[in-house]
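Below: the structure, in structure tokens.
Just the heavy atoms: all of them, side chains too, but no hydrogens, waters or symmetry mates, feed the values below.
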Amino acid sequence: MSKTDLRKLAGMLDDPSQSIAVSVMSELLRHEDELMPLLGELQESADPLMRKRVQQLEAILNLRQRRKRFYELLTGETMSVVEGLVELHLLWFDRDNPEMLKQQIYAFVAAADAARIGNIADLGAFMARCRFTLPAEEDAGDPENFCIGPVLEDRIGADVMLCILGMMAGIGGGLQVAVVRVNGKFSLVNAAGVMISPENNWLPDRNCQLRNGEFWYEPAKLLEYASLMLFLFACSYDTFRCVHTIGHALCGSSGNEVLDFLPFPYNGRKTS
């Protein structure tokens, strides 16, 4: 579609018919790369209906870009853990402010730096002092346990999320720890084999059994695990919007494609 035709089509966004507007928006979204600059111009329209629909289109495009960004974070050679935690949170709470989430994370890191953490015992003491704990058994299936905002606010989260925070807390003091999964539980361990875990109130365990441990060295894999858990919750709770948002983010698609591997109604196709 030429720019002239695209502009003419966008001019129909002020049509009073909702069905026509939906058709127009659907067609416009097929030209994502050319659309964003045009929306910036239309945002200045004096027509409130035009501005409303332009804002709706911008929200859809921002959501698509967020999906792509999360996939790129998981699959890139390097990854910002802060960006990853923020994007993971926004997969579930898509209306939250990313800058406020970053400020929460930076405040946590600053508190850890001020604590002068020098070894894994110091790290465990810091996490315990901050009262980072696992959720009660009846709350273990709450998606908020995997979203950094509620985890930092309530100091309650899934073990994988608490271990990511613990790993970040130790960086300021030059502490090198790895995330290990033993018997299905995530913990932190140093080179000497001393382990701390939220399940054990972050107390050092020098006799931990690491023979059957699975080491997770890459933060991207930890965030991928957390996002898969959110996807599981979305399916379990039949949260249609989150199924598609997280599913497309994990697949690296913008949202134009259906999730063929899912059953109806999530894949958008009826089965005979």
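The minimum heavy-atom distance between L91 and T245, with the atom names listed, is O-CG2, 3.7 Å. Nearest heavy-atom pair across P143 and L230 is O-CD2, 3.5 Å. Closest of all the heavy-atom pairs between L162 and G157 is CD1-O, 3.6 Å. Of all heavy-atom pairs between L42 and A10, the closest is CD1-CB, 3.6 Å. Counting all heavy atoms, side chain and backbone alike, A115 lies closest to R129 at CB-NH2, 4.0 Å. The nearest pair of heavy atoms linking L134 to A158 is CD2-C, 4.2 Å.
Between L73 and L88, every side-chain heavy-atom pair lies at or beyond the 4.5 Å cut-off. Side chains of V179 and L188 form a contact here, defined as non-hydrogen atoms less than 4.5 Å apart. Counting heavy atoms from C-beta on, the side chains of L223 and M79 come closer than 4.5 Å. With contacts defined as side-chain heavy-atom distances shorter than 4.5 Å, the pair W202/L123 does not qualify. Considering only heavy atoms from C-beta on, I148 stays 4.5 Å or farther from Q104 through its side chain.
Atom CD of Q55 sits about 4.5 Å away from atom CD of Q43, to the nearest 0.5 Å. From L57, atom CG reaches atom CD of E32 across 11.0 Å, with rounding to the nearest 0.5 Å. Note that CD of E199 and CG of D205 are 11.0 Å apart. Values are rounded to the nearest 0.5 Å. Rounding to the nearest 0.5 angstrom, the gap separating the CG atom in L165 from the CD1 atom in I105 is 8.0 Å. The CG atom of D113 sits 10.0 Å away from the CE atom of M168 when rounded to the nearest 0.5 Å. To the nearest 0.5 Å, atoms CE (M161) and CD1 (I164) are separated by 5.0 Å.
A distance-only check finds a donor-acceptor pair linking the side chain of R53 to the backbone of D15 [under 3.5 Å]. When atom types are taken as modelled, the side chain of S227 and the backbone of E224 share a donor-acceptor pair closer than 3.5 angstrom. A donor-acceptor pair under 3.5 Å is absent between the side-chain atoms of R155 and the main chain of T133, judged by distance alone. Judged purely by atom type and a 3.5 angstrom limit, D139 has no side-chain atom pairing as donor or acceptor with the backbone of P135. A donor-acceptor contact shorter than 3.5 Å links the side chain of D159 to the backbone of F186. Not one N or O on the side chain of R181 forms a donor-acceptor pair closer than 3.5 Å with the backbone of E214. Of the possible polar contacts, one joining the N145 side chain to the D142 backbone as a donor-acceptor pair under 3.5 Å is found.
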key: Residue pair N200, M195: steps toward the side-chain contact (heavy atoms from CB on, under 4.5 Å) verdict   = CA-CA 10 Å; N200 192 35; M195 188 172 74; over 6 Å; no
Test side-chain hydrogen bond (donor to acceptor under 3.5 Å, both in side chains) applied to T4 and S2, step by step = CA-CA 5 Å; T4 300; S2 67; 4.7 Å; no
key: N190 vs L175, side-chain contact (heavy atoms from CB on, under 4.5 Å): CA-CA, chis, key distance, verdict   = CA-CA 8 Å; N190 66 4; L175 183 62; 5.5 Å; no
task = Kindly indicate, with the supporting measurements, whether the criterion side-chain contact (heavy atoms from CB on, under 4.5 Å) is fulfilled by L39 and L28.
result = CA-CA 10 Å; L39 292 181; L28 287 172; 5.7 Å; no
side-chain contact (heavy atoms from CB on, under 4.5 Å) between F231 and V243, intermediate numbers included = CA-CA 6 Å; F231 184 74; V243 168; 4.1 Å; yes
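By the neighbour-count criterion of 12 heavy atoms within 6.0 Å, atom CG of N183 is sparsely surrounded, having that number or fewer from other residues, nucleotides or ligands. The environment of E137 atom CD is sparse: at most 12 non-hydrogen atoms of other residues, nucleotides or ligands sit within 6.0 angstrom.
In summary, of the residues considered (R67, R241, R66, R64), a salt bridge (charged side-chain N to carboxylate O under 4.0 Å, His left out) with D94 occurs for R241 alone.
When hydrophobic clusters are built by joining Ile, Leu, Val, Met, Phe, Trp and Tyr residues whose side-chain heavy atoms come closer than 4.5 Å, directly or via intermediates, V194 is not grouped with L203. No single ILVMFWY cluster, assembled from side-chain heavy atoms under 4.5 Å apart, contains both I156 and M127. Cluster annotation: L49 is not connected to L13 through the hydrophobic network of ILVMFWY side chains, with a link wherever side-chain heavy atoms come within less than 4.5 Å. The hydrophobic clustering, which links ILVMFWY residues whose side-chain heavy atoms are closer than 4.5 Å, places I20 and L6 together. Placement of I171 and V86 in two distinct hydrophobic clusters is found when ILVMFWY residues are connected by side-chain heavy-atom separations under 4.5 Å, directly or transitively.
The aromatic rings of H89 and F93 lie tilted to each other, with the angle between the two planes from 30° to 60°. Ring geometry for F108 versus F126: interplanar angle of 30 to 60°, hence tilted. Using cut-offs of 30° and 60° on the angle between ring planes, the pair Y225 and F146 is tilted. Note: F215 and Y217 have parallel aromatic rings, judged against thresholds of 30 and 60 degrees for the angle between ring planes.
A salt bridge is absent between R69 and E72; no separation between the charged side-chain nitrogens and carboxylate oxygens falls under 4.0 Å.
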